Visitor: 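If you scroll down you'll find the structure; I have some questions about it.
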Amino acid sequence: MTYHIIDSHCHLDFPKFNRDREEIIQRALNANVECMINSGIDYRTNISTLRLADEFENIYPTLGLSPMVAARKDRYDIDAILSQIEENMDHAVGIGEAGLDYHHYTDSHLRQNQIDVFHRVVEIAETADIPLVVHARKGEEDVLNIVEGLRCVVFHCYSGSLETLDKIISAGHYISIPSLVCYSNHHREIAWNTPLDRMVLETDSPYLSPRKNKRNEPSHLVDSLPVISQLHDTDEKRVAHKTAKNAKQIFGI
Ligand SMILES: [Zn+2]
């Protein structure tokens, strides 16, 4: 079967890949993963993401400020990260991951920190007219409201309700389906309710492996194809083609 797929969200710069990074990337290319979008989450990983993209031509960077960092802003220099994003925007294909995580943060003060910082990230994306990759966990509705003025938003690893999913799709944004679709019924429902022309695929490597007790890697993206093609009653090639085309359009690659 000849097809090409794109891993629209991963973290290959993370230390978990220090041992065999090059091998992992080669394995992805051999598994028809033609390129990978690597997302930074803070100052340090934004640097390593840019470096990785410099080193490997199939890796494209997005620069982020994750809600985990935003929540604990007293421990991080938020202004420095925001300036870093702005200054390096020409070298990136998008901003993110950034957003709201109410799952890990229930405290209202910490949530407010996330909201304040996310507004600033969205402002940068809006001014630069660059795609935004959002991380939303239990804060999907709030994220959707805050990104209202943006042209292109990808909901990375969308795990919210089907009602909010409909609103996101109607707003013209994209849903990124993670490898979780291989074993989570909720993610299958989400994939089933997402039209192929609004869908991209991701592994979120090294997290969320579809293969038990294993570190996730972009080559595992192929595991999602039979599941999604069955849900959409179509062939794997069409799922691969449509989702890769969307990713290319979103990130201009
Ligand atoms: Zn991620």
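Please read these numbers as outputs of a predicted model, since none were measured by experiment. Atoms within each ligand, like the ligands themselves, are counted from 1 in listed order.
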Visitor: Any chance the side chains of His187 and Ser159 put a donor and an acceptor closer than 3.5 Å?
Guide: yes

Visitor: Between the side chains of Glu189 and Asn185, is a donor N or O closer than 3.5 angstrom to an acceptor N or O?
Guide: no

Visitor: With a 4.0 Å cut-off, would you call Glu140 and Lys167 a salt bridge?
Guide: no

Visitor: Give me the protein N, O or S atoms that fall under 2.8 Å of the Zn ion (ligand 1), sorted by chain and residue number.
Guide: His9 NE2, His11 NE2, Glu97 OE2, Asp204 OD1

Visitor: Is the shortest side-chain N to carboxylate O distance from Arg72 to Asp42 below 4.0 Å?
Guide: no

Visitor: If you link ILVMFWY side chains whenever their heavy atoms are less than 4.5 Å apart, which other residues fall into the same cluster as Tyr105? By chain and number, please.
Guide: Met68, Leu110

Visitor: Among Arg21, Lys16, Arg27, find the residue that satisfies the salt bridge (charged side-chain N to carboxylate O under 4.0 Å, His left out) test when tested with Glu217.
Guide: Arg27

